[in-house]
Amino acid sequence: MDARENWSRTGIGGAPTAFGRHLHGREIYLVLIAFLSVFYISNGPVQLSHYDLGWHIAAGDLIRERGEIPFQDPWAFTLADKRWYNLSWLWDVIASVLYQHAGLAGIVLLVVACGAVIVAYLTSCGLRSGASVPAVCITVFAACLLYPCYEAAPNTYLAASPNIATMLFAVIFYGECLQRRSWFLLPVLMVLWVNLHGGFMLAFPIIGVFAGVALLRRDWANFRNYCFAGIGCVAAIFVNPLGWHIYDGVMATLGHFIQANIGEWRPYLHNMELPGSIPGIAYALTFIALELHYRNSKPIPVEPRLLAWLFLFLGLYQFRYIAFFFIFSAVPMALHVDRLLPERLSRFDIRRAMLAAGIIGVFVLPLSFLQVRPALALPDMLSDEDAGYLLAHSTHSRVLNHWNSGGLLIFRTHGSVPMFVDGRAATAYPDELLRDYLKLVRWDIDEAAWDSVISKYRIDAVLWVRGHEQLRQFLVGRRGWKEDYTGAYMSLYTAPPAPR
């Protein structure tokens with residue numbers, strides 16, 4: 001009896017034979033999805049630390065309540081006639097429904113499920129490329145540990161935000177193009193993507209790279225298919241409530257001056273944290289070394305290599321793209337690692353061990369969830385107690401709030417406390433207002449800028465980070481304001497009564 005036949009007839013720890021046969025060849029999926037899901041669940045509190053999550057849930061509540069997509073913001077007093085381009089309205093509705101019926105835990109489980117699909121796609125791509133099971137297991141595990149960037153702010157990948165939709169669909173588009181199947185489904189998927197997140201534009205460089213390589217190879221059949229898929233995706237973009245104005249919303253994000261002040265749009269060096277970033281740096285340097293050493297290697301598909309290099313350079317320029325480097329590099333890295341593994345390890349049948357480990361991981365999953373669930377909460381920057389004080393004393397005030405508190409202020413007061421700005425940036429606020437606000441976000445106080453903004457927008461309350469002593473000295477010591485309330489992270493200053 002050979003090893004393969006013996007495997008199919010043997011159970012793990014007395015498990016039924018049929019169970020082993022049913023999972024035959026799928027053990028690597030089981031172990032990777034199980035253990036990476038445990039990792040993602042254990043980072044559930046970090047997933048919820050995105051400051052914009054609050055307004056996304058509130059926007060979903062608003063859409064469900066009105067039965068339509070609002071084009072004017074109901075929460076801020078600074079909008080003038082600015083149109084609100086909510087590029088993530090469908091994700092907001094999903095988050096609202098999950099929050100209503102399952103709380104924050106439901107949103108975390110959605111994020112983990114998306115992460116599991118990404119793991120499955122990358123594993124499938126690696127195996128179909130010809131890499132061995134051990135090499136794929138090592139590489140996918142490393143890539144899927146690193147791309148969430150939990151060790152470096154702003155933690156926008158595989159987090160409770162619409163960004164996860166772009167991560168998921170980018171991998172699906174990549175996988176379907178790489179495996180050259182189901183290309184006709186890409187326009188259908190684009191209809192979902194375009195209503196979930198503004199990152200849908202990433203579909204076109206992915207399809208474009210595959211179409212370009214097919215053209216150079218004179219592979220007319222695949223070139224035609226990629227072109228049809230791209231044309232279909234362009235048409236699918238217009239299946240959204242904004243119509244062609246969706247491009248206005250995208251352009252309000254891409255290339256806007258506000259990007260220079262948002263962490264995820266700044267260079268990798270700005271976001272790099274030590275020692276947390278060391279594993280990612282080591283992975284990138286290993287990829288570069290292997291790519292240069294095996295640069296003339298033909299068995300490695302050209303398209304993943306091109307995408308990996310493209311997003312490595314983009315990620316160094318703007319941090320938000322570095323996660324895509326880890327994802328797109330998984331296939332070439334698996335094939336490189338395969339060369340480095342001892343031949344005996346590549347041939348060794350490890351499916352039995354993987355099945356046992358995967359079963360253990362499946363049992364650990366619910367235990368990890370139960371352990372982390374009590375810690376699932378929105379960021380503490382603006383607590384329920386803080387919101388309660390604002391609702392009791394500031395519902396008729398024009399509050400100049402700190403950027404990071406805006407989304408939470410919307411979530412906790414639903415517009416009852418008029419606010420100044422939040423993370424929606426240029427998709428909701430006029431450029432003039434954003435320029436005025438940026439003059440204030442400095443540690444040293446520009447008194448002229450503060451006086452100008454307070455006068456121009458008739459501000460009578462300032463909600464700012466508690467530790468900004470220079471601001472407290474300026475408002476209280478030199479302008480006669482009063483520090484009415486101090487929470488764990490925020491302080492509320494109120495203007496003196498107007499003279500009669």
Donor-acceptor pair, [X] side chain versus [Y] backbone, under 3.5 Å?
X      : Y      : value
Tyr226 : Cys177 : yes
Ser124 : Tyr121 : no
Ser42  : Phe39  : yes

Taking the side chain as C-beta and beyond, is there a heavy-atom pair between [X] and [Y] under 4.5 Å?
X      : Y      : answer
Asp61  : His414 : yes
Tyr294 : His336 : yes
Tyr268 : Tyr317 : no
Tyr174 : Leu122 : yes
Trp193 : Leu186 : no
Trp89  : Leu242 : no
Arg128 : Val331 : no
Asp248 : Trp244 : yes

What pair of heavy atoms forms the shortest contact from [X] to [Y], and how long is it?
X      : Y      : answer
Asn195 : Val239 : ND2-O, 3.0 Å
Leu335 : Ala131 : CD2-N, 3.7 Å
Leu316 : Ile322 : N-CD1, 4.5 Å
Pro74  : Leu62  : CG-CD2, 3.6 Å
Pro304 : Leu178 : CG-CD1, 3.7 Å
Ala34  : Gly358 : CB-O, 3.9 Å

Does the side chain of [X] come under 3.5 Å of the side chain of [Y] through a donor N or O and an acceptor N or O?
X      : Y      : value
Thr166 : His197 : yes
Arg424 : Tyr429 : yes
Thr427 : Trp84  : no

(request) Keeping to residues at least two apart or across chains, list the salt bridge (Lys or Arg N to Asp or Glu O under 4.0 Å) pairs with something in residues 79-98. (result) none
(message) When you measure from the centre of the six-membered ring of Phe257, is the NZ or CZ of Arg435 closer than 6.0 Å and no more than 45° off the axis?
(response) yes
Kindly compute the distance separating [atom1] ([X]) from [atom2] ([Y]), expressed to the nearest 0.5 Å.
X      : Y      : atom1 : atom2 : value
Arg224 : Asp219 : CZ    : CG    : 9.5 Å
Leu30  : Ile359 : CG    : CD1   : 7.0 Å
Phe35  : Ser368 : CZ    : OG    : 9.5 Å
Ile172 : Leu192 : CD1   : CG    : 9.5 Å
Asp52  : Ile57  : CG    : CD1   : 11.5 Å
Leu87  : Asn240 : CG    : CG    : 8.5 Å

(request) Before giving the answer on side-chain contact (heavy atoms from CB on, under 4.5 Å), spell out for Leu312 and Trp309 the whole-Å C-alpha distance, their side-chain angles and the decisive distance to 0.1 Å. (result) CA-CA 5 Å; Leu312 175 59; Trp309 279 101; 4.2 Å; yes
(request) Applying salt bridge (Lys or Arg N to Asp or Glu O under 4.0 Å), name anything that partners Arg180, two or more places apart in sequence or on another chain. (result) Glu303
Flag if over 12 foreign heavy atoms under 6.0 Å of [atom1], [X]:
X      : atom1 : answer
His245 : NE2   : yes
Phe228 : CZ    : no
Arg373 : CZ    : no

Please enumerate all residues that pass side chain to side chain contact (heavy atoms under 4.5 Å, CB included) together with [X], with sequence neighbours excluded.
X      : result
Glu65  : none
Leu185 : Ser182
Phe223 : Ala211, Ala214, Leu215, Trp220, Cys227
Leu378 : Leu53, Leu104, Leu408, Phe411, Arg412

(request) Measure centre to centre between the rings of His56 and Trp91, then say whether the value is under 6.0 Å. (result) yes
(message) Could you check whether Phe326 and Tyr147 have their ring centres less than 6.0 Å apart?
(response) no
(request) Evaluate the criterion side-chain contact (heavy atoms from CB on, under 4.5 Å) for residue pair Phe169 and Met190; output intermediate values, then yes/no. (result) CA-CA 8 Å; Phe169 282 101; Met190 178 59 92; over 6 Å; no
(request) Before giving the answer on side-chain contact (heavy atoms from CB on, under 4.5 Å), spell out for Phe71 and Asn86 the whole-Å C-alpha distance, their side-chain angles and the decisive distance to 0.1 Å. (result) CA-CA 8 Å; Phe71 297 125; Asn86 188 351; over 6 Å; no
Using the six-membered ring wherever Trp is involved, compare the ring planes of [X] and [Y] and label them parallel, tilted or perpendicular (cut-offs 30° and 60°).
X      : Y      : answer
Tyr437 : Trp403 : tilted
Phe311 : Tyr321 : tilted
Phe200 : Tyr247 : perpendicular

(request) Would you please test Phe325 and Phe287 for ring pair (Phe, Tyr, Trp, His ring centres under 6.0 Å) and show each step? (result) CA-CA 10 Å; Phe325 157 70; Phe287 170 80; 5.3 Å; yes
(message) Between Val171 and Val117, does the side-chain contact (heavy atoms from CB on, under 4.5 Å) criterion hold? Intermediate values first, please.
(response) CA-CA 9 Å; Val171 172; Val117 175; over 6 Å; no
(message) Here's a test for you: under side-chain contact (heavy atoms from CB on, under 4.5 Å), which of Leu168, Val119, Leu109 qualifies with Cys114?
(response) Leu168
